[in-house]
Amino acid sequence: MLDKTYRPGDVEAKHYTAWEDSGAFAAQVDSNAVPYTIMMPPANVTGSLHVGHALTFTIQDILIRYHRMKGRDALWQPGTDHAGIATQMVVERGLAEEGIHRRDLGRDAFLEKVWEWKAHSGGTICRQLRRLGASPDWPRERFTMDEGLSAAVRKVFVDLYKQKLIYRDKRLVNWDPKLHTAISDLEVIQKEINGHLWHFRYPIEGEADRYIVVATTRPETMLGDTAVAVHPEDSRYQDLIGKNVVLPLVGRKIPIVGDDYADPETGSGAVKITPAHDFNDFEVGRRHGLEMVNIFDENAHLNDDVPEKYRGLERYAARKQVVADLEAAGLVAAIEDHTHMVPHGDRSQVAIEPWLTDQWYVDAETLARPAIEAVETGRTKFVPERWSNTYFEWMRNIQPWCISRQIWWGHQIPAWYGPDGTCFVEYDEAAAQAAADAHYGKTVELTQDNDVLDTWFSSALWPFSTLGWPEDTKELARYYPGDVLVTGFDIIFFWVARMMMMGIHFMGEVPFKTVYIHGLVRDAQGQKMSKSKGNVMDPLEIVDRYSCDALRFTLAALSIPAGQDVKLAESRIEGYRNFTTKLWNAARFCEMNGVARDAAFDPHGAKEPVNRWMISATTLLAREMDQAFAEYRFNDAANGLYHFIWHSFCDWYLEFAKPIFAGEAEAPKAETRATMGWVLGQLLHLLAPIMPFITEELWSQFSLPGEGPLLTASWPELDDGLIDREATEEMSWVVDLISQVRAVRSEMNVPAGAQLPLILKDASPVVRDRAQKHQSLIARLARVDGLTFDDGKPAAGSVQALVGETTLVLPLAEAIDVDKERQRLQKELDAVAKDKEKLTKKLANEQFLAKAPPAVVEEQRSRLGEADQRAEKLSAALSRLTAA
RNA sequence: GGGCGUAUAGCUCAGCGGGAGAGCGCUCGCUUCACACGCGAGAGGUCGUUGGUUCAAUCCCAGCUACGCCCACCA
């Protein structure tokens, strides 16, 4: 017996445990089934579940559950990412509370702390994922710093190094002065800052009272200037090119060079050049062989290469001092307010400093070439397609990828240095030692590179490292490449592009055939959710309040194929919670009326139109689901199910069944019960990928012995023989009739309980037959007692309406408001007349007749015919009304 | 500076070269024996703007306006 109300909390826990314990989430490596693979984006170990995760994992779980039911060997590979900087920051913060700095512990002891932290607080997200109903192959869970995955990282590094696709270089990097590490271009975010533009006068050497004016947003960097650039053809400065200026405050003589970089239109046309602290200036410096004066230490404090009074100053303090000193010297020409973009570290949120250091780089340009080609040729497709443009744009302009980080938590770079600095890049220390010994001809002491790799380096290998690469495993052969990667657009560059590069390079094939890009989840007003705005919705709270199924269904219903952002409104979730209740009660209705699934029931053999109609509609719904899932149209799938279950199944079919079950109708109860059981069973299957819990619970009540859980059930494959146009047309007519009667009753304020007689005028034999056959259904649903046929003039006080070619006449017991009735009919007539006019005009247009497809012309003709008929009948009804 | 997206009912959004849709909200009526998280009936839109293509445009194309996002080294 089903409880009166659905209790999602108990049900969710019960079924999830049963599913997981049964091992049914597991991929079947040895089966004959065609594999279906989704690589779960490894969540940060530091993370906890937010609604963005809920969206992406729900979509993946829907796809996995659907394909599992379709008979595919589904592998959903779960895992977590070590999230280098993020995790290190979390642990450092914890240590700071105890007054400890990681330096105090030393590298090994610190890393031990991180592993300890990971053991007890890491991976929260995987536990939370279970509350979402996610069904990945948990025993295959991987971590990017597992032994196996670390081995993959070392092999990739060594191979790329030997192929000269990884190299070490000294160049400007984005230096984070707070975290004391280099970061990649992608980890830099631009922030608009209200600052100033300072115009300084630099004295020309040997020419008293002659100056060149340069402007800067960063006065402190002038201490590192090693040139002033002007455009080579700038007429104002022709005589100055080749001369020197005396750098104020420093006294260094620096050249004035001609370089295209200087834009004559901007400012004075002259620009100061600080090659060690600006990416553009670095290039100018290279072109002119300029000196690089590095003026900062790792904290972005001034170092000893600046005049003594500035040494040790923090960069913004130095800025003030430099400006003050230049002002005192009368060298400030102007100060303007100036808004500009300043690069910041995405983790530390401090302004990054271009800084000259040795770092490791991946030759991304070379790796990108085949990855671009793979998308161009369609071996990997983006859905929606437009995201491939974003991918191309970035990949075609890709810069060397800085992969070394000056932190401790991560994969330490497999490079060892000999006493003279010779670098040995090898798979492990023993190999490096052997190489070094051979190189030096004796045993030497090696020191490993201190740096670790960018977290995304290991994530890039995820599609094959998790399957056992570089070992030649069965999994690798079977599940690579994956079918679809599901993710948000925000990590196309960070992750998708890099998986493409690494996958193609090391596996010889793309890592996934489709990339489905969904939107970001925002609040109901479209605002980004953030703690500071206080508009964050916790998915687990939603699950507690509305049920997991309601959340999943909402996310599916909001996932439109165009991949727009998802605005999550609580009212929507509430509505879909109501939907689960509706389904629950429908199932209770079935149970109360002796509806059961019957293994012997063959839907092809159903006789009653009402049953054949529902079987047909269910078949069409199943087709619709297949199409929706194939095209990643989750909203269509959700809306189709919602509308069918609520409106077709509950509003009409269950209502039609009431008189049948009550014995008022001729239709056999047995066939209707069996059909209803069959339909309910199909619906539970179709709904299961999106709403796994309530469907499993209901299935446990309606499944037959030996059928097993819905989780592993087979997806409905319904043949064309079940589609029944005749029954559909017949029942649609009955539905229309009932709707018309209800509308008239409502508009004429007929008391809800009152029974009315119904007369059909001008009914064809077919219509008469239908009306008689379904009399009891009409009686019950439209509250009609007594159906007669009479083509004569309706009695006074009758109300009329149209259903197809037939006029309904409802004699009302009390005197009707004739004016009101006239208005009602006139309104309808006006609408029809308007329609008629449009169609007539169209059909009178020779161009239309000549050029439009015949089918369209025919359709318009038949519509005009119908409109004519309706207009005629309505006019007749109106004149009868006036006459009476 | 480049690129992308969006503009349809009060709100949130689907849709589509030939008859304007959903959910929520709103109005009216219902203790109808599965469900008030419900049932029934309604009201409500010149589909942002201007032009073009077409027999036909809410839909395709171009411009404009507004909003949002991404990328970018301009002093």
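Order of the sequence lines fixes the chain letters, A, B, ..., with proteins taken first and strands second; residue numbering starts at 1 for each chain.
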Nearest listed nucleotide, side chain of A:Arg742, among B:rG40, B:rC35, B:rG42: B:rG40
Nearest non-hydrogen partners of A:Leu781 and A:Glu655, listed with the distance: CD1-O, 3.6 Å
Listed nucleotide nearest any side-chain atom of A:Phe493, set B:rG38, B:rC71, B:rA72: B:rC71
B:rG21 versus B:rG15 - spacing of their C1' atoms, nearest Å: 7 Å
Spatial distance of atom CH2 (A:Trp198) from atom NZ (A:Lys272) [nearest 0.5 Å]: 11.5 Å
P gap between B:rG18 and B:rG3, integer Å: 31 Å
Protein-nucleotide distance (A:Arg745, atom CZ; B:rU32, atom P), rounded to Å: 14 Å
Nearest-neighbour nucleotide for the A:Trp646 side chain, B:rG38, B:rC37, B:rA34 considered: B:rG38
Nearest-Å distance for atom pair CG/P, residues A:Leu520 and B:rU6: 16 Å
Touch class at under 4.0 angstrom, heavy-atom based, for A:Glu574 against every strand present: nothing
Which atom of A:Gly345 lies closest to which atom of A:Ile183, heavy atoms considered: CA-CD1, 3.9 Å
Touch class at under 4.0 angstrom, heavy-atom based, for A:Cys590 against every strand present: nothing
Between B:rU32 and B:rG40 - C1' atom distance, rounded Å: 10 Å
Closest contact, heavy atoms only, A:Ala871 versus A:Leu829: O-CD1, 3.6 Å
Touch class at under 4.0 angstrom, heavy-atom based, for A:Lys272 against every strand present: nothing
Value in whole Å for how far the C1' atom of B:rC73 lies from CG of A:Asn397: 14 Å
Touch class at under 4.0 angstrom, heavy-atom based, for A:Arg577 against every strand present: base
From B:rG38, B:rC55, B:rA34, nucleotide with atom closest to A:Phe589 side chain: B:rA34
Proximal nucleotide (of B:rG19, B:rA34, B:rC39) relative to the A:Glu866 side chain: B:rG19
Nucleotide B:rA22, atom C1' - distance to CZ of A:Arg572 in whole Å: 8 Å
Whole-angstrom distance between B:rU65 and B:rU49, as gauged at atom P: 16 Å
Sugar-phosphate only, base, or nothing, as touched by A:Glu747 at under 4.0 Å among non-hydrogen atoms: sugar-phosphate
Distance below 4.0 Å between A:Lys827 side-chain N/O and B:rA43 OP1 or OP2: yes
Proximity to the side chain of A:Ser571 - top-ranked nucleotide from B:rC35, B:rC24, B:rG38: B:rC24
Rounded P spacing from B:rG48 to B:rC16 in Å: 16 Å
Sugar-phosphate only, base, or nothing, as touched by A:Asp651 at under 4.0 Å among non-hydrogen atoms: sugar-phosphate
Touch class at under 4.0 angstrom, heavy-atom based, for A:Glu265 against every strand present: nothing
Under 3.5 Å donor-acceptor pair, A:Arg863 side-chain atoms to B:rG19 base atoms: yes
Interatomic distance where NZ belongs to A:Lys851 and P belongs to B:rU54 [whole Å]: 8 Å
Sugar-phosphate only, base, or nothing, as touched by A:Ala743 at under 4.0 Å among non-hydrogen atoms: sugar-phosphate
Selected nucleotide, minimal atom distance to A:His647 side chain, candidates B:rG18, B:rG23, B:rG42: B:rG23
Side chains of A:Tyr642 and A:Phe553 in contact at under 4.5 Å (non-hydrogen atoms): yes
P spacing across the pair B:rC61 / B:rU53, given as an integer number of angstrom: 15 Å
Touch class at under 4.0 angstrom, heavy-atom based, for A:Ala557 against every strand present: nothing
Sugar-phosphate only, base, or nothing, as touched by A:His340 at under 4.0 Å among non-hydrogen atoms: sugar-phosphate
Between C1' of B:rG1 and CG of A:Asp263, the distance in whole Å: 13 Å
Sugar-phosphate only, base, or nothing, as touched by A:Asn845 at under 4.0 Å among non-hydrogen atoms: sugar-phosphate
Touch class at under 4.0 angstrom, heavy-atom based, for A:Thr580 against every strand present: nothing
Flag for A:Asn174-A:Asp185: side-chain donor and acceptor within less than 3.5 Å: yes
Of the listed nucleotides B:rA72, B:rG18, B:rC13, the one nearest the side chain of A:Pro853: B:rG18
Length of the line joining A:Asn174:CG and B:rA72:C1', which is rounded to integer Å: 13 Å
Sugar-phosphate only, base, or nothing, as touched by A:His338 at under 4.0 Å among non-hydrogen atoms: sugar-phosphate
Side chain of A:Ser739 - closest among B:rC74, B:rA14, B:rA41: B:rA41
Gap in Å between the two P atoms, one belonging to B:rG25 and one to B:rC39, rounded: 12 Å
Side-chain heavy atoms of A:Leu808 within contact of A:Val744, under 4.5 Å: no
Aromatic ring proximity, centroids under 6.0 angstrom, A:Trp584 and A:Tyr6: yes
C1' gap between B:rG5 and B:rG44, integer Å: 29 Å
Length of the line joining A:Asp185:CG and B:rA72:C1', which is rounded to integer Å: 11 Å
Quiz item: A:Thr581 side-chain donor-acceptor pair to B:rC37 base, under 3.5 Å: yes
